[in-house]
Amino acid sequence: MYIVIVGDGKVGYTLAKHLSEEGNDVVIIDKNMEALKRTTDNLDVMCIKGSGTSVKVLKEAEVNRADVMIAVTNRDERNALCCLLAKKLGAKYTIARIRDPEYASELNILKNELGMDMVINPEREAALEIGKLIKFPSICSVENFADGNVDLVSFRLVSGDNIVGKPISEIKFPKTSVIICAVEREHEVFIPTGDFVLEENDKIYVIGDHDNIETFLKNLRRYKKRVKNVMISGGGKIAYYLTESISKIGAKVTIVEKEYDRCEKLNELLPEAIIINGDGTDQDFLESENLKEMDAFIALTGRDEENLISSLFALNAKVNNVIAKITRVNYNGIVKQVGVQSVVSPKMVTANKIIGYLRALKNKNGSSIKNLYKIVEEKAEALEFLANETTKCLNIPLKDINFKKGVLVAAIVRDSKTIIPGGNDCIKNGDGVILVTDRKNVMDINEILMERGV
């Protein structure tokens, strides 16, 4: 695909990196020469200096032959205008990042009027991710499939867990239907078979419907009730969307924000929350605001360093559920060392959504991609496909299908029911099929099949 990206910030760079690695031809436009130089030095993409709202610059980027134009500058209005111009010049599909809460309720109108094929709000998506983590307070990450009916959760094993030291085939919990579909061990990814033995400090990925995941966590003595008292450090857009969401389920939210003017605005927008003007990196201040009594602490300032520091204070205060927003990939090692297991990256949430959408466009005549998540430090992927008449392995027992190495059929969704498949189960036309794989750039169910054996 020929893809034009307008905006070479964190999201634009991340998209350019992943999309170029998947074999797409990528052009990136930005006015900042320093940002473009970094991209040129590190990525195999073409860079053009200029404005994405300039017809001359868009023509130089040959947007008329673009399969997709993606606008991710720091201005919503500019992104919308870029999409409008790109469509007028001949781009087949356009995607815009729209972040302002004031536009959130108008997105469908904006899409229709301005010809945008996809609109994404990174802060709102990040808030949804955090909301899922609050649903399962004892785990590191939660991804949803099948319209929210299937959960993929991850958590790190400790010495007291009763599955440590056991092969996966010997792990039996009564009345529980889940599958361990990936394991991260010392920065390596494993798609485990039945004889794989779990070890302390492994990070395991488990898939199943919500009730079965809950039962599994209870059997491990990892289940904790949903949080009631939440403290958020940083009063930006993510904090706004998150508070609006979790207040509806009865959580009491306290937001700590440095800027007084922002506090006043939040006080108007979120009358149900407690807004405190203060510094989230001041340990004494946090403790004076009852940090130790919180069920969850979420660090959402614009600086990774501040989020790490305040998260460390929350861990020292024995807060059970600590979540940090981290944008720099090279901070992942530090995050783990300080003990923060739950991390949210708005740029990766955005990239996952857009990459999944683009792969679906590429393969619109095959089994379509409904969801895509990069997991295990981006070394593996969990994908949801919709099987159709083009799927070559329909109605064949899984035990008789010759799958490529590094692929696991983790779940099948049929008539709103989740099946954790055994060897005798089959994929049928219309099924949702959830795969976990360490293979790169999978576009279609047929790509995971050996040429012979089906």
Side-chain angles (χ1 to χ4, degrees), residues 1-63 66 68-83 85-86 89 91 94-100 120-123 126 234 236-238 258-259 300-309 324-335 343-355 358 374 378:
M1 294 180 89
Y2 183 65
I3 300 169
V4 176
I5 299 172
V6 180
D8 195 11
K10 291 170 185 172
V11 173
Y13 180 89
T14 302
L15 281 169
K17 176 178 180 291
H18 288 292
L19 293 172
S20 61
E21 286 173 353
E22 293 192 0
N24 298 292
D25 294 324
V26 178
V27 176
I28 193 160
I29 299 169
D30 200 285
K31 292 190 284 188
N32 186 328
M33 198 64 215
E34 195 174 311
L36 292 176
K37 184 178 184 309
R38 177 196 63 163
T39 301
T40 303
D41 291 344
N42 292 291
L43 304 180
D44 183 21
V45 302
M46 179 181 172
C47 293
I48 295 175
K49 185 178 184 296
S51 170
T53 57
S54 162
V55 172
K56 180 182 175 183
V57 171
L58 290 174
K59 284 183 175 179
E60 184 184 348
E62 297 184 79
V63 79
V68 184
M69 198 285 301
I70 307 169
V72 285
T73 75
N74 58 4
R75 292 279 302 277
D76 291 350
E77 295 82 3
R78 187 180 297 149
N79 293 338
L81 182 56
C82 286
C83 288
L85 291 172
L89 291 170
T94 61
I95 299 172
R97 176 172 72 173
I98 304 292
R99 307 165 72 187
D100 196 316
I120 190 158
N121 183 331
E123 286 76 17
K237 294 184 178 73
I238 300 178
K258 276 184 186 179
E259 294 182 15
L300 297 176
T301 75
R303 289 177 58 83
D304 289 354
E305 296 84 357
E306 289 187 7
N307 292 337
L308 281 171
I309 291 168
K325 183 188 85 168
I326 300 292
T327 56
R328 296 187 187 181
V329 175
N330 58 341
Y331 276 15
N332 285 343
I334 299 171
V335 170
V343 172
V344 171
S345 169
K347 70 177 183 181
M348 278 314 304
V349 172
T350 306
N352 283 343
K353 294 280 183 185
I354 293 175
I355 291 166
L358 295 185
K374 291 186 179 290
E378 300 179 31

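- In this structure, Glu259 places its CD atom where only 12 or fewer heavy-atom neighbours from other residues, nucleotides or ligands lie under 6.0 Å away.
- Side-chain atoms of Asn307 do not come within 3.5 Å of backbone N or O of Ala324 as any donor-acceptor pair.
- Between Thr53 and Cys82 there is a side-chain heavy-atom pair separated by less than 4.5 Å.
- Side-chain contact between Val349 and Pro122 is absent, with no heavy-atom pair separated by less than 4.5 Å.
- Looking at Glu306 and Lys258, a side-chain N of the basic residue comes within less than 4.0 Å of a carboxylate O on the acidic one, giving a salt bridge.
- The side-chain heavy atoms of Val72 and Val6, taken from C-beta on, include no pair separated by under 4.5 Å.
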Set out, in order, the CA-CA distance, both residues' side-chain angles and the distance that settles side chain to side chain contact (heavy atoms under 4.5 Å, CB included) for Ile3 and Ile70, then state yes or no. CA-CA 8 Å; Ile3 300 169; Ile70 307 169; 3.9 Å; yes
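- Rounded to the nearest 0.5 angstrom, His18 NE2 and Lys374 NZ are separated by 5.5 Å.
- The two residues Leu58 and Ala86 come nearest to each other via the heavy atoms CD1-N, 4.4 Å.
- Here the shortest heavy-atom pairing between Gly302 and Lys325 reads CA-NZ, 4.0 Å.
- Considering every non-hydrogen atom in both Val344 and Ala126, the closest pair reads CG1-CB, 3.9 Å.
- Shortest non-hydrogen contact noted between Ser51 and Val57 is O-CB, 3.4 Å.
- Atom CG of Asp44 has 12 or fewer neighbouring heavy atoms from other residues, nucleotides or ligands inside a 6.0 Å radius.
- With sequence neighbours excluded, the residues that form a side-chain contact (heavy atoms from CB on, under 4.5 Å) with Asp8 are Tyr13, Ile28, Asp30, Ala35, Leu36, Arg38, Thr39.
- Rounding to the nearest 0.5 angstrom, the gap separating the CG atom in Leu85 from the CG atom in Leu81 is 4.5 Å.
- Val68 is listed as a side-chain neighbour of Met1, based on a closest heavy-atom distance under 4.5 Å.
- Of all heavy-atom pairs between Ile29 and Gly50, the closest is CG2-O, 3.4 Å.
- Checked against side-chain hydrogen bond (donor to acceptor under 3.5 Å, both in side chains), Ser20 has no partners two or more places apart in sequence or in another chain.
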What's the verdict on side chain to side chain contact (heavy atoms under 4.5 Å, CB included) for Leu19 and Leu358, showing C-alpha distance, side-chain angles and the deciding distance? CA-CA 9 Å; Leu19 293 172; Leu358 295 185; 3.5 Å; yes
Evaluation steps, side chain to side chain contact (heavy atoms under 4.5 Å, CB included), between Val27 and Ile48: CA-CA 7 Å; Val27 176; Ile48 295 175; 3.8 Å; yes
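- One distance of note links OG1 of Thr40 with CE of Met33; it measures 6.5 Å at 0.5 Å rounding.
- With hydrogens and angles ignored, the 3.5 Å screen pairs a side-chain donor or acceptor of Asp304 with a backbone N or O of Arg328.
- When side chains are defined from C-beta on, Ile120 counts as touching Ile354, because their heavy atoms get closer than 4.5 Å.
- Taking Asn79 as the reference, Thr73 meet the side-chain hydrogen bond (donor to acceptor under 3.5 Å, both in side chains) condition, with sequence neighbours excluded.
- Here Leu15 contributes atom CG and Ile95 contributes atom CD1; the two are 8.5 Å apart, rounded to the nearest 0.5 Å.
- From Thr327, atom OG1 reaches atom NZ of Lys10 across 3.5 Å, with rounding to the nearest 0.5 Å.
- Atom CZ in Arg303 sits 11.5 Å away from atom CD1 in Ile326 (nearest 0.5 Å).
- Take Lys347 and apply the side-chain hydrogen bond (donor to acceptor under 3.5 Å, both in side chains) test, not counting sequence neighbours, and it matches no residue.
- Pairs of residues two or more places apart, or lying in two chains, that qualify as salt bridge (Lys or Arg N to Asp or Glu O under 4.0 Å) and include a residue from residues 12-26 are Lys17-Glu21, Glu22-Arg359.
- Residues Val26 and Ile5 meet the side-chain proximity criterion, which asks for heavy atoms closer than 4.5 Å.
- Without hydrogens or angle criteria, Asn121 side chain to Glu123 main chain gives a donor-acceptor distance under 3.5 Å.
- Scanning all heavy atoms of the two residues, the minimum distance from Ile238 to Pro346 falls at CD1-CG, 3.8 Å.
- Residue pairs that meet the salt bridge (Lys or Arg N to Asp or Glu O under 4.0 Å) test with at least one member in residues 48-62, sequence neighbours left out, are Glu62-Arg65.
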